[in-house]
Amino acid sequence: MSILQEMQEAVISGNAGKVKECAEKAVAESIEVSAILNDGLIAGMNVIGVRFKNNEVYVPEVLVAARAMHAGMAVVKPLIAAADIQEKGTVVIGTVKGDLHDIGKNLVMMMLEGAGYKVIDLGIDVLSEKFVQAVEEHKPDIVGLSALLTTTMTQMKATVEQLQPYRNRVKVMVGGAPVTQKFADEIGADAYAPDAASAVDKAQELLAS
Ligand code: B1M
């Protein structure tokens with residue numbers, strides 16, 4: 001098995017120590033950073049994403065795989081800037097004001113990172129003004145809003161409204177257990193994703209549109 005296949009398997013099984021070891025070995029063997037990312041780390045996360053979508057693995061496995069992927073990312077991150085690798089896009093993400101739930105949002109974040117996106121995490125209980133500030137500062141391609149409470153879904157609407165002046169250059173994706181496609185349409189969001197793996201697919205679609 002090649003070192004990249006080994007790395008991929010280690011991401012899938014959530015073995016952070018092994019992923020780190022493989023990444024260090026790959027760097028020492030002068031394997032290109034893009035190959036380490038695409039054929040090792042991201043490939044492993046993609047497998048997990050598909051399995052998660054098909055209910056073959058669950059939240060704990062995804063979190064453990066994402067943590068393992070991060071261990072590898074930490075090794076190659078300093079080399080990414082030097083290698084001038086194009087990120088697929090930038091996503092600013094946060095859980096809306098009044099809402100402290102972040103497990104799902106973190107999963108979405110990790111899957112997006114695993115798929116090659118730069119993700120800026122604004123955390124939880126994020127005011128709509130803070131999303132606007134982040135759009136001005138980071139110039140993302142996508143703003144992701146997460147909400148887990150029916151009471152905080154209204155904050156999504158408020159945030160979409162505040163982002164109106166920027167909508168020609170930024171797309172809005174929403175998600176979270178109580179959120180539906182119908183609600184996303186009603187508030188004028190560009191996309192709704194029911195789970196973390198679909199969020200990656202939707203991000204891809206948004207960037208292509
Ligand atoms: Co709370 N909570 N909670 N809670 N909590 C729920 C959501 C609830 C359904 C439980 C229940 O009553 N059955 C209920 C909401 C009812 C409603 O409004 N519909 C509820 C409540 C009422 C509350 C409190 C009000 C309880 C209280 O204090 N009386 C309180 C509110 C605090 C606040 O936010 N202001 C509260 C607090 C908490 C804890 C802090 C204890 C904890 C959160 C810890 C944390 O997140 N760090 C917590 C938890 C853990 C839950 C449950 C048990 C689990 C949520 C979770 O993490 N699911 C939840 C009940 C349940 O869902 N079974 C519940 C796993 C996660 C992977 O799924 O978040 O849905 P999820 O994310 C998915 C998708 O939704 C999607 O992808 C993710 C991965 O597949 N997704 C996106 C999410 N964001 C996305 C964004 C996208 C795209 C997809 O694009 C940007």
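In listed order, ligands and their atoms are each counted from 1. Quick note: numbers below take in every heavy atom, side chains included, and nothing from hydrogens, waters or symmetry partners.
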Of the protein's non-hydrogen atoms, which lies at the shortest distance from atom 44 (C) of ligand 1, and what is that distance?
Ile103 CD1, 4.3 Å

Any protein heavy atom sitting closer than 4.0 Å to atom 27 (C) of ligand 1?
no

Logged contact type for Pro178 with ligand 1, heavy-atom cut-off 4.0 Å, is neither

Which of the numbered atoms in ligand 1 are under 4.0 angstrom from any heavy atom belonging to Asp99?
34 (O)

Closest protein heavy atom to atom 84 (N) of ligand 1, given as residue, atom name and distance to 0.1 Å
Ser146 OG, 2.7 Å

How far is atom 90 (O) of ligand 1 from the closest protein heavy atom, and which atom is that?
Met173 CG, 3.6 Å

Report whether Leu145 and Val119 are members of the same hydrophobic cluster (ILVMFWY, side-chain heavy atoms less than 4.5 Å apart, transitive linking).
no

For Met111 versus Ala196, what's the shortest heavy-atom pair and its separation?
CG-CB, 3.6 Å

Pair Ser198, Asp201: side-chain N/O donor-acceptor within cut-off below 3.5 Å:
no

Atom 85 (C) of ligand 1: nearest protein contact (heavy atom, Å)
Gly175 C, 3.4 Å

Between Val174 and ligand 1, which residue portion shows a heavy-atom distance shorter than 4.0 Å: side chain, backbone, both, or neither?
backbone

Heavy-atom check, side chain of Glu161 versus side chain of Lys157, under 4.5 Å:
yes

Return a yes/no value: protein heavy atom under 4.0 Å from atom 49 (C) of ligand 1?
yes

Lys139 NZ: over 12 foreign heavy atoms closer than 6.0 Å:
yes

Counting only non-hydrogen atoms of the protein, does one fall under 4.0 Å from atom 39 (C) of ligand 1?
no

Got a donor-acceptor contact below 3.5 angstrom from the Asp99 side chain to the Thr95 backbone?
no

Quiz question for you: does at least one protein heavy atom lie closer than 4.0 Å to atom 77 (O) of ligand 1?
yes

Which bit of Asp125 is near ligand 1, meaning a heavy atom under 4.0 Å away: side chain, backbone, both or neither?
neither

Quick check on the hydrophobic clustering: are Leu163 and Val179 connected, directly or via other members, by side-chain heavy-atom contacts under 4.5 Å?
yes

Are Leu206 and Met156 grouped together when hydrophobic residues (ILVMFWY) are joined by side-chain heavy atoms under 4.5 angstrom apart?
no

among protein heavy atoms, the one nearest atom 35 (N) of ligand 1 is Gly98 O, 2.9 Å

Determine if the distance from atom 72 (O) of ligand 1 to the closest protein heavy atom is below 4.0 Å.
yes

Does the protein put any heavy atom within less than 4.0 Å of atom 24 (C) of ligand 1?
no

Distance-only, no hydrogens or angles: does the Gln5 side chain make a donor-acceptor pair with backbone N or O of Ser2 under 3.5 Å?
yes

Atom 79 (C) of ligand 1 - nearest protein heavy atom and its distance
Ala196 N, 3.7 Å

Neighbouring protein N, O or S atoms of atom 1 (Co) of ligand 1 [cut-off: under 2.8 Å, no waters]
His101 NE2

Structural part of Pro194 in contact with ligand 1, heavy atom criterion under 4.0 angstrom:
backbone

Val96 versus Ile124: any side-chain heavy-atom pair under 4.5 Å?
no

Is there a side-chain contact between Ile36 and Met7, using heavy atoms and a 4.5 Å cut-off?
yes

Approximate separation, where rounding is to 0.5 Å, of Leu122 CG and Ser146 OG
12.0 Å

Can you tell me which portion of Phe52 lies within the under-4.0 Å heavy-atom range of ligand 1? Options are side chain, backbone, both, or neither.
side chain

Do Glu21 and Lys18 have side chains that approach each other closer than 4.5 Å (heavy atoms only, starting at C-beta)?
yes

Of all protein heavy atoms, the one nearest atom 81 (N) of ligand 1 is Gly176 N, 3.5 Å

Could you tell me which atoms of ligand 1, counted from 1 in the order shown, lie closer than 4.0 angstrom to a heavy atom of Gly144?
91 (C)

Proximal ligand 1 atoms for Ala193, defined as those under 4.0 Å from one of its heavy atoms
88 (C), 89 (C)

Answer side chain, backbone, both or neither: which part of Val59 comes under 4.0 Å from ligand 1, heavy atoms only.
side chain

Using heavy atoms and a threshold below 4.0 Å, how should the contact between Asp102 and ligand 1 be classified: side chain, backbone, both, or neither?
both

Presence of salt bridge, Lys88 and Asp141, under 4.0 angstrom:
no

among protein heavy atoms, the one nearest atom 68 (O) of ligand 1 is Gly104 CA, 4.3 Å

Strictly inside 4.0 angstrom of atom 10 (C) of ligand 1, do you find any protein heavy atom?
no

Validation row: Val92, Ile142 side chains within 4.5 angstrom (heavy atoms)
no

Protein non-hydrogen atoms only, distance under 4.0 Å: does atom 54 (C) of ligand 1 have such a neighbour?
no

Taking C-beta and beyond as the side chain, do Thr150 and Phe183 meet within less than 4.5 Å on heavy atoms?
no

Flag the pair Val170 / Pro140 as yes when at least one side-chain heavy-atom distance between them is below 4.5 Å, and no otherwise.
yes

Would Asp195 count as a polar contact of ligand 1, with the cut-off being nitrogen or oxygen pairs under 3.5 Å?
no

What I'd like to find out is whether the side chain of Val143 reaches to under 4.5 Å of the side chain of Lys171, using heavy atoms alone.
no

Are Val172 and Met109 connected into the same hydrophobic cluster when the rule is that any two of I, L, V, M, F, W, Y join if their side-chain heavy atoms are below 4.5 Å apart?
no

